[in-house]
Number of protein chains: 2
Amino acid sequence: MAPSDTRTQILDAAEHLFAERGFRGTSVRAITDRAGANLAAVAYHFGSKAELLAAVVRRVIEPINAAQTAGLDQLLARNPEPTVTDLVEAFAGPLFDEMPAGDEGGARTSRLIVTILSDPAEEMRNWTGPAEDAIRDRYLAAFRRALPSLPEEELWFRMRGILAVTAVDRIQVYNQPNPAGVPPLAGEAARQWAITFLAAAMSAPPTQI
Amino acid sequence: MAPSDTRTQILDAAEHLFAERGFRGTSVRAITDRAGANLAAVAYHFGSKAELLAAVVRRVIEPINAAQTAGLDQLLARNPEPTVTDLVEAFAGPLFDEMPAGDEGGARTSRLIVTILSDPAEEMRNWTGPAEDAIRDRYLAAFRRALPSLPEEELWFRMRGILAVTAVDRIQVYNQPNPAGVPPLAGEAARQWAITFLAAAMSAPPTQI
DNA sequence: AGTTCAGTCAAACGTTCGTTTGAATCATCG
DNA sequence: CGATGATTCAAACGAACGTTTGACTGAACT
């Protein structure tokens, strides 16, 4: 435990609570209570609540970035012109993979991601860095080669569609028990369904205007 | 102005601010300031901040509900077995149509919808009522008839994909200027792109497991 | 033994929040 | 005109918030 233990316990607690209640909906007191730490520990270890959020986001996002990069590298090493389905899988797959122990089927991580993406709090907005930009641009270029007839704007729209589906997927958008007793989405099935769904969507012919 | 004017000015201000900063990120003071009303007016006209939110949501959601219902009615009157594309258009189209005056290309309304859908605040969760459930079930049944080979769970997953794309579409998910100087998404083009994207996604063959 | 220093702690600070209060204002109608 | 009921207003309430403070702890060093 080189990182002082309470530091990581605070990170764990904050990740859980930010995912569940959002940034503004989570008080520093709730975090330190859950972590079994003192209230002042957040200021001591992270400086402020906003900087704690940044640390939580970094810890969640970095493995996803690495997996997306590695996936594209492998694809391109094997074949300079990957299929749309391959690209979708390499890009969207890692968003389903991260399931820290104790996460209920990955739903909590998904929730955190969508909270990050859609939280209107100003602190949530400035988390993307050069790394995320570079990854997005590399995939954009690969998709452009795989879909040469697609106009740039529509390609850009579809890239965001991927993010929307993968981010929101496991949230109970219609917040009620699923109809007809459909069980909550299983992790692996959701991953496959998303890839099917998104590969078909990305492969659609350009919209006629 | 049968509804006492300040009442609707508060509704307008609240709609704008909830969309931009979320429920918890918007103070009652910010709302009444923007509305040019007194702080106590919210309590007087709506009872509480949470009830004000409910009123805002109702005002935004009801025209969408009506359009979705009317669209499906028209489709079924013309043909008892509508195509997937027709169903997608009737369901997702109204989510693009609502553009109150002063809305910058509908982006603000979209932002409000995604804020409603993904806001972790407890008050945001309990807005769906029997109306939304009924609409969703009718579309679910129509899609089921149009896609008879699709398992129930995957159909359900795809329905939520529609909501994810339509809700998140106009948010700058990667919050930075679009790459290569792509202009912000035009309202009508985004609507067409979304229908193309979603119709292809919905029409994909079932996932093989 | 004495010093140092990262870490923890209880307590308090000042601010902002949603809500309540009670008086003031206004239009309406007898 | 005077009374009534709806609406607006300035002011205050108590609670919760993020952050700061300064004393305390305990292991690691000379």
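Atoms considered below: every heavy atom in the structure, side chains included; atoms not considered: hydrogens, waters and symmetry mates. Throughout, protein chains are lettered first and strands after them, A, B, ... in sequence-line order, and every chain is numbered starting at 1.
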Touch class at under 4.0 angstrom, heavy-atom based, for B:T26 against every strand present: sugar-phosphate
Check: A:N65 and A:R58 side chains under 4.5 Å, non-hydrogen atoms: no
For atom CD1 of B:I10 and atom C1' of C:dG18, their distance in whole Å: 14 Å
Between C:dG18 (C1') and B:L53 (CG): distance, integer Å: 14 Å
Interatomic distance where NZ belongs to B:K49 and C1' belongs to C:dC17 [whole Å]: 8 Å
Aromatic ring pairing B:F157/A:W193, orientation class (parallel under 30°, perpendicular over 60°, tilted between): tilted
Minimum-distance nucleotide to A:H45 side chain [options: C:dT8, D:dT19, C:dT20]: C:dT8
Interatomic spacing from CG in B:L87 to CG in B:L140 - rounded to 0.5 Å: 11.0 Å
The single option from B:L163, B:I195, B:L198 passing side-chain contact (heavy atoms from CB on, under 4.5 Å) against B:F91: B:L163
For nucleotides 11-16 of chain D, which of its nitrogen or oxygen atoms have a protein nitrogen or oxygen under 3.5 Å away, and what is each distance?
none

B:R144 and B:D137: CA distance, side-chain angles, deciding distance, salt bridge (charged side-chain N to carboxylate O under 4.0 Å, His left out) verdict: CA-CA 10 Å; B:R144 187 157 38 230; B:D137 288 343; over 6 Å; no
Gap between atoms CZ and P, on B:F46 and D:dT8 respectively (whole Å): 11 Å
Interatomic distance where CD1 belongs to B:I31 and P belongs to C:dC17 [whole Å]: 11 Å
Between C1' of D:dG18 and CZ of B:R24, the distance in whole Å: 16 Å
Parallel, tilted or perpendicular: rings of A:F23 and A:F18 (30°, 60°): tilted
A:T6 vs C:dG7: side-chain N/O to OP1/OP2 distance below 4.0 Å: no
Nearest-Å distance for atom pair CG/P, residues A:D33 and D:dC17: 10 Å
Rounded distance in Å - CG (B:D5) to P (D:dA6): 19 Å
From C:dA6, D:dA6, D:dT20, nucleotide with atom closest to A:Y44 side chain: C:dA6
Distance (rounded to the nearest 0.5 Å) between A:L72 CG and A:Q74 CD: 10.0 Å
Sugar-phosphate, base or nothing in reach of A:A43, heavy atoms under 4.0 Å: base
